[in-house]
Amino acid sequence: MSYIQPAEFASKMVDAGESKIFMATKDTLIRAYMAGAILALAAAFAVTIAVNTGNFLVASLLFPVGFCTLYLLGFDLLTGVFTLAPLAVIAKRPGCTWPGVFRNWGLVFVGNFAGALTTAVMMAIIFTMGFSQEPNAVGQRIGQIGEARTLGYAEAGGAGMLTVFVRAVMCNWMVSTGVVAAMMSSSVSGKIMAMWMPIIVFFYLGFEHSIVNMFLFPSGIMLGGEFTWVDYFAYNEIPVVLGNLVGGLTFVGGMIYATHFKESPKRKPIKDASTVAAE
Amino acid sequence: MSYIQPAEFASKMVDAGESKIFMATKDTLIRAYMAGAILALAAAFAVTIAVNTGNFLVASLLFPVGFCTLYLLGFDLLTGVFTLAPLAVIAKRPGCTWPGVFRNWGLVFVGNFAGALTTAVMMAIIFTMGFSQEPNAVGQRIGQIGEARTLGYAEAGGAGMLTVFVRAVMCNWMVSTGVVAAMMSSSVSGKIMAMWMPIIVFFYLGFEHSIVNMFLFPSGIMLGGEFTWVDYFAYNEIPVVLGNLVGGLTFVGGMIYATHFKESPKRKPIKDASTVAAE
Amino acid sequence: MSYIQPAEFASKMVDAGESKIFMATKDTLIRAYMAGAILALAAAFAVTIAVNTGNFLVASLLFPVGFCTLYLLGFDLLTGVFTLAPLAVIAKRPGCTWPGVFRNWGLVFVGNFAGALTTAVMMAIIFTMGFSQEPNAVGQRIGQIGEARTLGYAEAGGAGMLTVFVRAVMCNWMVSTGVVAAMMSSSVSGKIMAMWMPIIVFFYLGFEHSIVNMFLFPSGIMLGGEFTWVDYFAYNEIPVVLGNLVGGLTFVGGMIYATHFKESPKRKPIKDASTVAAE
Amino acid sequence: MSYIQPAEFASKMVDAGESKIFMATKDTLIRAYMAGAILALAAAFAVTIAVNTGNFLVASLLFPVGFCTLYLLGFDLLTGVFTLAPLAVIAKRPGCTWPGVFRNWGLVFVGNFAGALTTAVMMAIIFTMGFSQEPNAVGQRIGQIGEARTLGYAEAGGAGMLTVFVRAVMCNWMVSTGVVAAMMSSSVSGKIMAMWMPIIVFFYLGFEHSIVNMFLFPSGIMLGGEFTWVDYFAYNEIPVVLGNLVGGLTFVGGMIYATHFKESPKRKPIKDASTVAAE
Amino acid sequence: MSYIQPAEFASKMVDAGESKIFMATKDTLIRAYMAGAILALAAAFAVTIAVNTGNFLVASLLFPVGFCTLYLLGFDLLTGVFTLAPLAVIAKRPGCTWPGVFRNWGLVFVGNFAGALTTAVMMAIIFTMGFSQEPNAVGQRIGQIGEARTLGYAEAGGAGMLTVFVRAVMCNWMVSTGVVAAMMSSSVSGKIMAMWMPIIVFFYLGFEHSIVNMFLFPSGIMLGGEFTWVDYFAYNEIPVVLGNLVGGLTFVGGMIYATHFKESPKRKPIKDASTVAAE
């Protein structure tokens, strides 16, 4: 019985949100640091595949190794806590407050950023033989990604800002679906298969993920990309964080909470068949 | 024991049909909205793959990520409720009536359409950098799909209408087989593998799916396809809905009901071996 | 404990054979009809892949979606009942007789044929836009397959008849191994993986399957293949049915019955270790 | 709990070895005959893929379908009993003697050979349209394989004999690892995945397998290969059988027996944690 | 319930570390010997694929067959004991001391080296037809790998040493994640899927693994690579061993110990929800 019914995984989501709010600072930071570092390495892996093979689909099919590994290891991404932590407040769990949510989000942001930067520095050493050579092909490509996805949006003005925001909304719709997917199964193979699906979609369609970008853009600056930290934050990281927040909370957290956690009574009370549909 | 025997999954089908009829309006709409939105995104994903790689088989092999994800999340497609809801009436479940079935179908149609449109608008923003540029290659392709599959059928007259109807019948034969497939297993990996199979077939063979089309054709109109909303409804959506209804109800709901739910007695009552065959 | 030991799946084979003999006419026909229709659709799917990609291996790797789906749905192919039904007579199950076996085989043949023809007609409508256009590339290819595998054998005379017979023997050795494979596991993923293996082999090596041919050859005649119904029956369907019968019954039914169902006593009775080997 | 700990699968290996020694002649022969026939068909399948696609890696990735199927069916290869049967004698199981081992090996050799020959004859009929035509491309290729791997080794003299022996040692190291792999899991999917891994390695690296060669070389002679039965036995089959024996018994049977079946006491008896490592 | 929660697999890691310290010399050596030999063969397999196909990604996707097989067989790599053994000392398990850790590391190093050398000699025989011919294409490639990854680093001076060290750190971060991954699941399929992911990443990104190198560099010297044993140890093996130690112990052993084994109390003790996140 490895599939977990919607009503049950919706409860797990609220429980998980509550546990994030009460998690000790040390554990929150370590888990966020490792999550950021692993996701960043997966991004480096995927870009390397894309450059070497010229095939972005193959890169996208393998990118989920990072996401799956970090969630199985019990680590946390900002995109996930955006979706989960508020549910505990909305469900009025005792002691769960918005300040507790913001505290969790802040710590996870810091931890994810530090982890992604650690990977960025180590990979930059590898891409440049300890900064003694020009960046290799992959290193150069990373610089270019950063330019197109900061200055490119900036040039398009308000339409560009709308686009980056929508891409970030779509991103965390899929990424948080991956987080929920891991809660649907009690087996490792089931978790991996269920997580893999939405993560491929987000990566292949070029949606904007705030933690992946914590690796790509700082790496880009280190490796010669022609854009600044201000460009990165103004035209990418900040709108992406906001889009990720909106996408995860509305399309995943909010919708599942509304229909599976707070399911309405049947029109006529014959029997409880609420969970049969997806079995 | 993750495989569920035919007699048992046939019962689950009738139970699921009953639960659709009694589901509250709010839950019916939310679940249909999310199902439509996710399936639409999977269609956008598959078209993007097909355009970028020129390989429609690869697109078809990955399209099922959307179907599998939405069913695991407990959401509902019109094609599925076409097949399941009537079984509860046919099985004379107390309180289950045809008006209840039609009410469910109507709500799911509305929810699916709203969800698919939401995805269509968001993807159109991405394809056109917030409507500030010409549609990219994928956006242009979506316009062309719509033309061929409305005006193309219309040009062939009655033979075209027959063809679109048969393609819709075949479509929901396979898609509803996917819905039943999810009921055959109690594990996530089993559900995913079993659902994946018929969904690949329907997508690769170009069968017509009413909800996928709720994304493709409105997107096509937004992105410059040379056909009208009337063309879309008259030559595609309406015959496809009818074909989906006939295909799901006869080849899946009806047949399984007739032989597995209402299995005839053995010719000679030695022992109950009815379920051994498929074990 | 999802693997089922040889002694146990051998028993399930005899039980399944018995249940076929006693199955009501209605259920036998419906299950055969649906099995024939689904396998035919899988053949249409595989031919389409082969034509579009020019790669018959890819087509073969995906062809098993039909076989796996129909067995999980509890439907029956003639090739399977050839192997299973006689075991109940050989094992002297009460009430199981050869006339009962022949009755089952006859009904399943009729049901499979009707199902395959239904798919053939519907796919022919799609291949020809409701018979208003020339067959498309896939439709044309199906006509050619039929010529080579009727008149091609006929030209080679006795050697051709021997070849088609051997190909049919080899076919049902593999296909019935797939039927047994489904009985080895109690989980859906195990059943699918175990069934997939022998089905790929049969399809890729061009072995002759009587039900696949019930789709290919009638389709071929409808789509302009230059051979007759008499050619089809004389040079293909009849020798293939006989070869399928011999192959399934000797290499699968007979051998497993002889060594796993009727296992000989150990040379020295120390302990029962008969099933350890394959664990 | 489908993973079986090393101490436990080591016991299963000894039990399986014992059961081989006591198995009735009839069952030993049937199981060896079927194993040889199925492995031979998998070899024919793999060579066909290699010839048609020109890609030996793809052939190697699919070759394991035969090995996995035959072990799941409870059949026996000589390479497997080389590794397992002696363990029962070494472990001093009552009644287990070296003559009993040799008897088992002799029967399995005969059965494997008969099975492989059966497949060879049937495939030769297919490759030559009942011996009425020249062998097709696959048939011709099989002849060439045989020449290179008999006369090729013979030309290199002692170095050639060393090479064929080492290739045979490496072969059964991997193949018997596959046999043990099947004992590590109680589920079909786990068995298949674990068996698949070492079998790919052996096949892709061109290691020499005595039963695969029982198909390839007799087929080669039938299909026009320019080497004799004496060449086959002297320069291939005999050194390969010896190498397979040494490889399976030392690298698999011996090593696992020595460390997992006869595990030494802990240096300091705090607790039994011997099996934690691989969990 | 095949997924094992973080708190539980963290305990298993400490238990495993303890069991390594107390393992008898014989068992430590045999298990290390076999692990080194199997990993070396997987490296030979991957290099062969890379040379034959020119596609290093395909080689990397298949390389994990060795790692997965050896861990399922209960064998030990130096990279794994680097991460696990110290945890037992840090956790103050009775009798666990640093000398005990160093003893284990020394024995595993010796065993891994002997196993890798055994495979290197046997594969060199195969690559050169018993040293009677020039090395084949794969053999020649192995020589070149060794040159680039010894003298190449040496030429870059301190930056080169930094690079090789960072590559080794990254390597064992991933490889030890694979070791932990195997402890997350109680099923074979779950273990294999979870191990596969980080091993692909390490191999494809060209990270430096001390045991893989025990095969590649000695093979390279045997097969004509233009570098010496001193070059190998000074510019590769020694910095790689140190980097592997640091990477495994900090990013895997240390981090998981700190947050999952020694989880801090919740900020407010409502309930134990520490493990919900990753479920």
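Lettering of chains follows the sequences in order, A, B, ..., and the numbering in each one begins at 1. These values consider heavy atoms only, across backbone and side chains, with no hydrogens, waters or symmetry-generated copies.
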Which of [range] have a heavy atom under 4.5 Å from any heavy atom of chain E?
range	result
residues 141-158 of chain D	Gly152(D), Tyr153(D), Ala156(D)
residues 45-64 of chain D	Leu57(D), Leu61(D)
residues 199-207 of chain D	Ile200(D), Val201(D), Tyr204(D), Leu205(D), Phe207(D)

Chain D contacts, top residue of Leu70(E), Ile21(E), Asp27(E), Val65(E) (heavy-atom pairs, under 4.5 Å):
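With the most close heavy-atom pairs to chain D, the winner is Asp27(E).
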
[atom1]-[atom2] distance between [X] and [Y], expressed to the nearest 0.5 angstrom:
X	Y	atom1	atom2	value
Tyr257(D)	Ile30(E)	OH	CD1	12.0 Å
His260(D)	Leu73(E)	NE2	CG	6.5 Å
Thr163(D)	Gln133(E)	OG1	CD	8.0 Å
Leu162(D)	Phe131(E)	CG	CZ	8.5 Å

Does some side-chain heavy atom of [Y] sit less than 4.5 Å from a side-chain heavy atom of [X]?
X	Y	value
Ile38(E)	Trp173(D)	yes
Phe67(E)	Met197(D)	no
Lys191(E)	Met193(D)	no

Measuring heavy-atom distances to chain E, does Met255(D) have an atom under 4.5 Å in its side chain, in its backbone, in both, or in neither?
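Both backbone and side chain of Met255(D) come within 4.5 Å of chain E.
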
Tell me, for Met161(D) versus chain E, whether the close heavy atoms (under 4.5 Å) come from the side chain, the backbone, both or neither.
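No part of it gets close to chain E.
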
Of the non-hydrogen atoms in [X] and [Y], which two are nearest, and what is the gap between them?
X	Y	answer
Val188(E)	Met184(D)	CG2-O, 3.6 Å
Phe9(D)	Leu72(E)	CE2-O, 3.7 Å
Met23(E)	Arg267(D)	O-CD, 3.3 Å

Heavy atom to heavy atom, less than 4.5 Å: which residues from residues 118-130 of chain E reach chain D?
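The stretch touches chain D at Thr118(E), Thr119(E), Met122(E), Met123(E), Ile125(E), Ile126(E), Met129(E), Gly130(E).
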
Determine the option with the most heavy-atom pairs under 4.5 angstrom with chain E, choosing from Ala10(D), Gly160(D), Gly190(D).
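Option with the greatest count: Gly190(D).
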
Heavy atoms only, distances under 4.5 angstrom: which of Val164(D), Thr177(D), Val166(D), Val169(D) has the most pairs with chain E? Name it, please.
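Between Val164(D), Thr177(D), Val166(D), Val169(D), the count favours Val166(D).
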
Between Ser19(E) and Lys266(D), is the side-chain contact (heavy atoms from CB on, under 4.5 Å) condition met? List the steps.
CA-CA 8 Å; Ser19(E) 86; Lys266(D) 296 282 158 193; 4.2 Å; yes

